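Scroll down for the structure; my scribbles are underneath it.
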Amino acid sequence: MLLCGVSETDITPALGSTIPGYFADRKSTGILDRLYAKAIVAEADGSAVAFVGLDTILVPTGVVRRIRERVAQFTAIPPDRVMVSATHTHTGPAVVSTTFLEADESYLEWLADKAADTVILAYNRRREARIGFGSGHEADIAFHRRFFMKDGTLRTNPGLRNPEVDRPAGPIDPEVGVVRIDDAQGRAMAVITNYAVHTDTVGGTDYCADFPGELSVMLKKALGEQTVSLFMMGTSGNINHYNVMNGRIEDYAKPSRHYIKMGRILAGEVLKVREKIDTFGEIKIGERHSAVKLQYRQPTQEQIQAAHEALDRLPEGHVERNFAKELLEAARRGEGSTEAEIQAITIGELAIVGLPAEIFVEFGLEIKARSPYGQTLINELCNGFAGTYVCTPESYRLGGYEPRITSMNRLQEETGDLFVQRALEHLEELRSAT
């Protein structure tokens, strides 16, 4: 028999706190909508897993560790069976420090405890449930954000209706993954949505959960306030909401209300898919995880020299000056390595793969295509933060924004292939065990 429990907790910081997301230090001045920690616990045959979604730009490894330890202290869920991910909202709290902004350590401790308590509450509310999954299609609100220009160069976000744009440099992933969780009487408990597009549609200085927040509002209206909407970010390292080729500037000018449009469009597809899903009360749960060791890239001497020159000529707060400071910080930290956790959780024929960075969409599409499971969701920015972007090998040679070296963006070029390989290994192990 399947048991599930759900919960959600407000994690909105105080006004006046730093909002990350751009290469500047913004201070919050208001609240468009509240930020949440959301948890879903699933248990079958005495084996339980927990999914935690945070309305933050990422999840530091230390926060994940603290969440898992506290959950293990108060429940029977082992630490390695808790999957923690971020919605990647660019209008949420600062959770890591950089050369131009500082995270509030006291908030991070509070955040971890609140997130853990959300899991504990969900665990304590477990009851007989049914689960099912399906997928829809939405290709009109997500766009590849890297473009080949007519002069042969490549640019990230080259500007709306730029006449020098030739073509997108890659695909999108239009799949809308939907997991339906109901109680034994058929009443909605939770909906998991998986979709690949950057949650950076709002801007400004008001807290906002971006389009996943509006998605939650719409699902609660349709299914009841008790419904927990947990959003898992698909591989969207190179996917944005801007329609560069045909978009209107007035639709995207920040601060923007475009997140409402996106959330409602996505909600329509999610609800359509959800109503077609068959649910099951008897199902097996599996989990695998491991660490991948990664080396850091190093800036060249030419890049270091250019960064020093930028510091000399650009005013404080200039974006390129902040980029220069970040590159020099990466050079100061020097060579070294880190570890990145790859996790896979299976519920029947559904597989959820957790990856710890902003992943280029090509890698997500590859894992899905090669997965041995009926449906596979990719949950990026998951279980800690190994580095910002994981780009395709050719992207490092083509350039653009994503490959640029910063203190937090310097993973080796082979990282994406290593992630794909390890994820597929875990999926095959889980397949073989059933």
Side-chain angles (χ1 to χ4, degrees), residues 10-14 17-28 31-38 52-64 67 83-105 107-112 114-115 145 157 195-213 215 230-241 254-256 259 262 319 322-323 326 340 354-359 379-390 401-402 404 406-409 411:
D10 193 328
I11 57 169
T12 311
S17 303
T18 290
I19 297 180
Y22 308 131
F23 274 73
D25 187 350
R26 293 177 291 163
K27 299 299 184 183
S28 59
I31 300 173
L32 284 179
D33 59 9
R34 312 297 296 187
L35 308 176
Y36 287 92
K38 301 180 180 182
V52 188
L54 303 179
D55 286 329
T56 58
I57 195 164
L58 54 87
V59 186
T61 303
V63 169
V64 174
I67 291 171
M83 179 181 281
V84 186
S85 59
T87 62
H88 198 47
T89 177
H90 284 54
T91 39
V95 291
V96 293
S97 297
T98 69
T99 56
F100 51 87
L101 60 81
E102 188 172 347
D104 182 344
E105 291 299 324
Y107 174 79
L108 290 179
E109 293 176 2
W110 179 84
L111 170 67
K114 294 288 281 188
R145 73 182 196 181
N157 293 333
Y195 188 64
V197 62
H198 249 76
T199 35
D200 181 18
T201 72
V202 183
T205 56
D206 289 344
Y207 289 126
C208 183
D210 213 292
F211 66 83
L215 169 64
L230 195 155
F231 182 79
M232 293 181 174
M233 174 71 74
T235 47
S236 55
N238 51 355
I239 307 297
N240 265 5
H241 66 288
K254 291 183 177 178
S256 170
Y259 74 97
M262 291 189 63
V319 170
N322 285 338
F323 260 118
E326 279 291 301
L355 303 177
E358 296 179 57
I359 314 294
N379 190 13
E380 72 169 24
L381 288 166
C382 193
N383 295 334
F385 181 68
T388 307
Y389 290 101
V390 173
Y401 165 71
E402 297 87 357
R404 294 183 71 170
T406 69
S407 64
M408 297 191 300
N409 192 43
L411 296 177

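The structure presented is a predicted model; accordingly, all values stated were derived computationally and were not measured.
- Listed for the Asp200 side chain is no donor-acceptor partner under 3.5 Å among the backbone atoms of Asn240.
- To the nearest 0.5 Å, the span separating CD on Glu380 from OG1 on Thr235 amounts to 6.5 Å.
- Put simply, the side chain of Asn379 never gets that close to the backbone of Met232: no donor and acceptor are under 3.5 Å apart.
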For this session: For side-chain contact (heavy atoms from CB on, under 4.5 Å), just list the numbers for Thr91 and Tyr259, CA-CA rounded to whole Å, side-chain angles, deciding distance to a tenth of an Å, and then say yes or no.
Result: CA-CA 12 Å; Thr91 39; Tyr259 74 97; over 6 Å; no

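- Taking CE of Met83 as the reference point, atom CD1 of Ile67 lies at 13.5 Å (rounded to 0.5 Å).
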Exercise. Should Phe231 and Leu215 be marked as a side-chain contact (heavy atoms from CB on, under 4.5 Å) after you check the CA-CA gap, both sets of side-chain angles, and the distance that decides it?
Worked result: CA-CA 9 Å; Phe231 182 79; Leu215 169 64; 4.2 Å; yes

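- Considering every non-hydrogen atom in both Ala115 and Ala37, the closest pair reads CA-CB, 4.1 Å.
- Judged by distance alone, with hydrogens and angles left aside, the side-chain atoms of Tyr207 form a donor-acceptor pair with the main-chain N or O of Ala14 at under 3.5 Å.
- Scanning all heavy atoms of the two residues, the minimum distance from Val64 to Asn383 falls at CG2-C, 3.7 Å.
- The closest donor-acceptor contact from the side chain of Asp10 to the backbone of Tyr36 lies at 3.5 Å or more, if one exists at all.
- In terms of heavy atoms, Ala340 sits closest to Ala386 at CB-CB, 3.7 Å.
- Proximity of Pro93 to Thr56: side-chain heavy atoms (C-beta onward) are separated by under 4.5 Å at one or more points.
- Using modelled atom types, no side-chain atom of Arg145 and backbone atom of His241 make a donor-acceptor pair closer than 3.5 Å.
- Under a 3.5 Å cut-off, the side chain of Ser97 and the backbone N or O of Ala103 do form a donor-acceptor pair.
- The backbone N or O of Glu402 sits less than 3.5 Å from a side-chain atom of Asn409, completing a donor-acceptor pair.
- A donor-acceptor pair under 3.5 Å is absent between the side-chain atoms of Thr18 and the main chain of Asp25, judged by distance alone.
- Residues Ser17 and Lys27 bring no donor and acceptor atom of their side chains to less than 3.5 Å of each other.
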Exercise. Run the side-chain contact (heavy atoms from CB on, under 4.5 Å) check on Met233 and Thr87 step by step: do they pass?
Worked result: CA-CA 6 Å; Met233 174 71 74; Thr87 62; 5.9 Å; no

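- The one candidate from Tyr22, Phe23, Phe323 that meets the ring pair (Phe, Tyr, Trp, His ring centres under 6.0 Å) condition with Phe100 is Phe23.
- There is a side-chain donor-acceptor pair under 3.5 Å between His198 and Glu358.
- Atoms SG and CG, from Cys208 and Asp33 in turn, are 4.0 Å apart once rounded to the nearest 0.5 Å.
- When every heavy atom of Leu108 is checked against every heavy atom of Ala94, the shortest pair comes out as CD2-O, 4.4 Å.
- A distance-only check finds a donor-acceptor pair linking the side chain of Thr199 to the backbone of His88 [under 3.5 Å].
- Distance alone, capped at 3.5 Å, is enough to place a donor-acceptor pair between the Arg26 side chain and the Gly204 backbone.
- To the nearest 0.5 Å, atom CG of residue Leu32 and atom CG of residue Asp210 are 10.0 Å apart.
- The nearest pair of heavy atoms linking Leu58 to Val95 is O-CG2, 3.4 Å.
- Between Val390 and Ala357, the shortest heavy-atom contact is CG2-CB, 3.7 Å.
- A salt bridge does not link Arg404 with Glu326: none of the charged nitrogens is closer than 4.0 Å to a carboxylate oxygen.
- Taken from CG in Leu35 to CD1 in Ile11, the straight-line distance is 6.0 Å, to the nearest 0.5 Å.
- Taking CD1 of Ile19 as the start and CD1 of Ile57 as the end, the distance is 10.5 Å to the nearest 0.5 Å.
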